[in-house]
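Convention: sequence-line order gives letters A, B, ...; per-chain numbering from 1. On a predicted model such as this, the values are computed, not experimentally measured, just so you know.
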2 protein chains.
Amino acid sequence: MGTVSNVLNRPNLVAEATRERVQASIGELGFIRNETARQLRQGRGHTLGVVVPSMANPYFADLGRAAEAAMNADGFDALWCTSDGSLAKEERCLDFLEEQNVSGVLISPLDLGEDRITDLHGRGLAVVLLDRTGTGVCSVGADHRPGGALAARHLLGRRHRRLLFVTGPLSFGPVRERHDGAVRAARDAGLTESALTTFEQPEMTAEAGRAAAERLLTLDPLPTGVFCANDLLALGLINQLVRAGVKVPSEISVVGYDDIDLAATAVVPLTTVRQPRADLGRIATELALAETGDPERHDHRQVVLSPELIVRESA
Amino acid sequence: MGTVSNVLNRPNLVAEATRERVQASIGELGFIRNETARQLRQGRGHTLGVVVPSMANPYFADLGRAAEAAMNADGFDALWCTSDGSLAKEERCLDFLEEQNVSGVLISPLDLGEDRITDLHGRGLAVVLLDRTGTGVCSVGADHRPGGALAARHLLGRRHRRLLFVTGPLSFGPVRERHDGAVRAARDAGLTESALTTFEQPEMTAEAGRAAAERLLTLDPLPTGVFCANDLLALGLINQLVRAGVKVPSEISVVGYDDIDLAATAVVPLTTVRQPRADLGRIATELALAETGDPERHDHRQVVLSPELIVRESA
DNA sequence: AGCGTAGCTTGAAACGATTCACGATCTTTG
DNA sequence: CAAAGATCGTGAATCGTTTCAAGCTACGCT
């Protein structure tokens, strides 16, 4: 019925008496608006997709939460999708979101399928890249290269001269950039190849960090400073080092990346590079909503925030 | 167009030649089925809602992932919602899911709003309670009382005679049951009130565990065995104990609950009570799909799985 | 008193896929 | 060769909401 619709969407057009009568009926009958029909008619839904590689990593969970909070404030809702490290699943997520008729997508892509992204965008979806920069769409991220450099320089500043870099898959852009930044900083400080070791772990979990620690202990000479590409790796690594009787930070210092909540309560509170994930999530949502609001004269923005070194006890 | 619909939904009715022709066109034009219109016509969508209190707790993330995997195998998709510990947000989640026209809801409720649940169910949604039992709907959970008893008896078996229980809010059902089970087991073993202490933390995070450890160290005499209501509490507590120079498990032993992945790689690998979260998630989905498939003669089942003690090093 | 108008309400079309009854084509058989 | 039957394609109605045009009321103005 037309009037009911007006009550819900443009209450000012409806006389107060009628409005109250309708509201009462709604409450009484337990009427629930069928968002599905609504968005069929309107052409696009009031939802934004959030695609992240993993929910096991608190960094992404927090990032998404911040984004969701910003959406809710604007009457939008989040549709969460996890690619779980699989490109196929990532594709499935995007298909799902398009089928669900979302207005836009916030995505931290595994592998930047440039064409898939522009496809999406071509079909009228607002797309915002998280932690990445791309062409032709908005993006929000903290700059990983300076972030990596920040970590390395902190270790160098504490007189460490043999460094180990524990990374995730270097095919993953942000990880590669952090590594590049760190390596460059180390070279600039005059360290030679032989003073730099890199372990490329297949995953970025605490378990992978534990495994890296075991491998670390077989090195000769031992490195004295370790930079891990994320906090989960760092936490697993530190735990294993401590178990093996290695003193952190006096014998080996460790720096992580992300500053997830667990970092502060680690057995050795973690020195780490903070990404402003609350800001990242919020800004990503704002960009997406701005684009859906006025797709015509929207110019894509590349927002780059600065990472920040948080010094605790591990280095 | 009718034929296209047949190709998509009942391919056997369509001649192979036509089918291929249509499929080719679909691929070519980048056609994407509008799930919104589809479900408007069909009356209900191919999605199931997943409502959990928090994504920061890996237990729920894993539980949901298992449920989602089972859905995907049956052509369903998951809509994730987090109540973030707020009853209001939980309500919002359910409203959202109903508006989105989901076929059913898997929910680990904060506070069992009995009427809200039956409302949902009355409107034809399949409802499955996670970690809870309720009336009139299906439920899946591991039995928390025996789980708590398992933990307490393990400590008692190792000759601990002064126990501390670190719980979350006792208003939260599963937590209260774990606590009850543990307390009962301790009393059955002849421990007196004065040998039992309980810290009721407002949250169940590592930070809350750290705080509990600090408070623990002010007790006199010190307890020698600690049972934490979940692993995050336990991990935060252990880390802080170790930092303070307390030896775990020789001076103080700690048992957790859930067996999240991080438990195995902790600085002292955690002895904990495992909930079979993969099974829980899968079974929950199966129950929900069974109910949506044949709502008429579906009888609600209360599936109760057994928790299992995983002995590592912390106790 | 008559007419114009503002303010509300009503009714019908539209969104895109599904579904079902009907019609067309091709095959088979008496 | 013709008719019946099987198989597949077509068109129209439908789901629940929005949207827009048209209709109705009541009020104000001259």
Starting at CZ of A/F31 and ending at P of D/dT18, how long is that distance when rounded to a whole Å? 7 Å
Mind calculating the distance between CG (B/L8) and C1' (C/dT19) to the nearest angstrom? 14 Å
Applying a 4.0 Å non-hydrogen cut-off, can you work out what A/R10 is touching in the nucleic acid: base, sugar-phosphate, or nothing? sugar-phosphate
Heavy-atom donor-acceptor pair, B/N57 side chain to B/Y59 backbone, under 3.5 Å: yes
Taking only the side-chain nitrogens and oxygens of B/N6, find out if one of them lies under 4.0 Å from OP1 or OP2 of C/dT18. no
For A/R301, I'd like to know if atom CZ has over 12 heavy atoms of other residues, nucleotides or ligands within 6.0 Å. no
Rounded distance (Å) that lies between atom C1' of C/dG16 and atom CG of A/N101: 10 Å
Below the 4.0 Å mark, does D/dT19 have OP1 or OP2 next to a side-chain nitrogen or oxygen of A/Q42? yes
How long is the span from the CG atom in B/L287 to the OG atom in B/S139, to the nearest 0.5 Å? 8.5 Å
Closest heavy-atom pair and its distance - B/N72, A/K89: ND2-CE, 3.9 Å
Would one find a side-chain N or O of B/R38 under 4.0 angstrom from OP1 or OP2 of C/dT18? yes
C/dT18, OP1 or OP2 - any side-chain N/O from B/N9 closer than 4.0 Å? yes
For C/dT18 and B/R33 - does any side-chain N or O of the residue sit under 4.0 Å from the phosphate oxygens OP1/OP2? yes
Counting only side-chain N and O atoms of A/T36, is one of them less than 4.0 Å from OP1 or OP2 of D/dG16? no
Can you check the A/I26 CD1 to D/dT17 C1' distance for me, whole Å? 13 Å
Out of C/dG16, D/dT10, C/dT9, minimum distance to the side chain of B/T3 belongs to D/dT10
Separation of B/H46 atom NE2 from C/dA17 atom P, in whole Å? 14 Å
Mind calculating the distance between CZ (A/R21) and C1' (C/dT9) to the nearest angstrom? 10 Å
Is there, by distance only and without an angle test, a donor paired with an acceptor across the side chain of A/R41 and the base of D/dT17 below 3.5 Å? no
In whole angstrom, give the distance that lies between atom CD of A/E35 and atom C1' of C/dC15. 14 Å
Nearest whole Å is fine: how far is D/dT17 C1' from A/R44 CZ? 18 Å
In terms of side-chain geometry, is the basic nitrogen of A/R277 or A/D261 positioned less than 4.0 Å from the acidic oxygen of its partner? yes
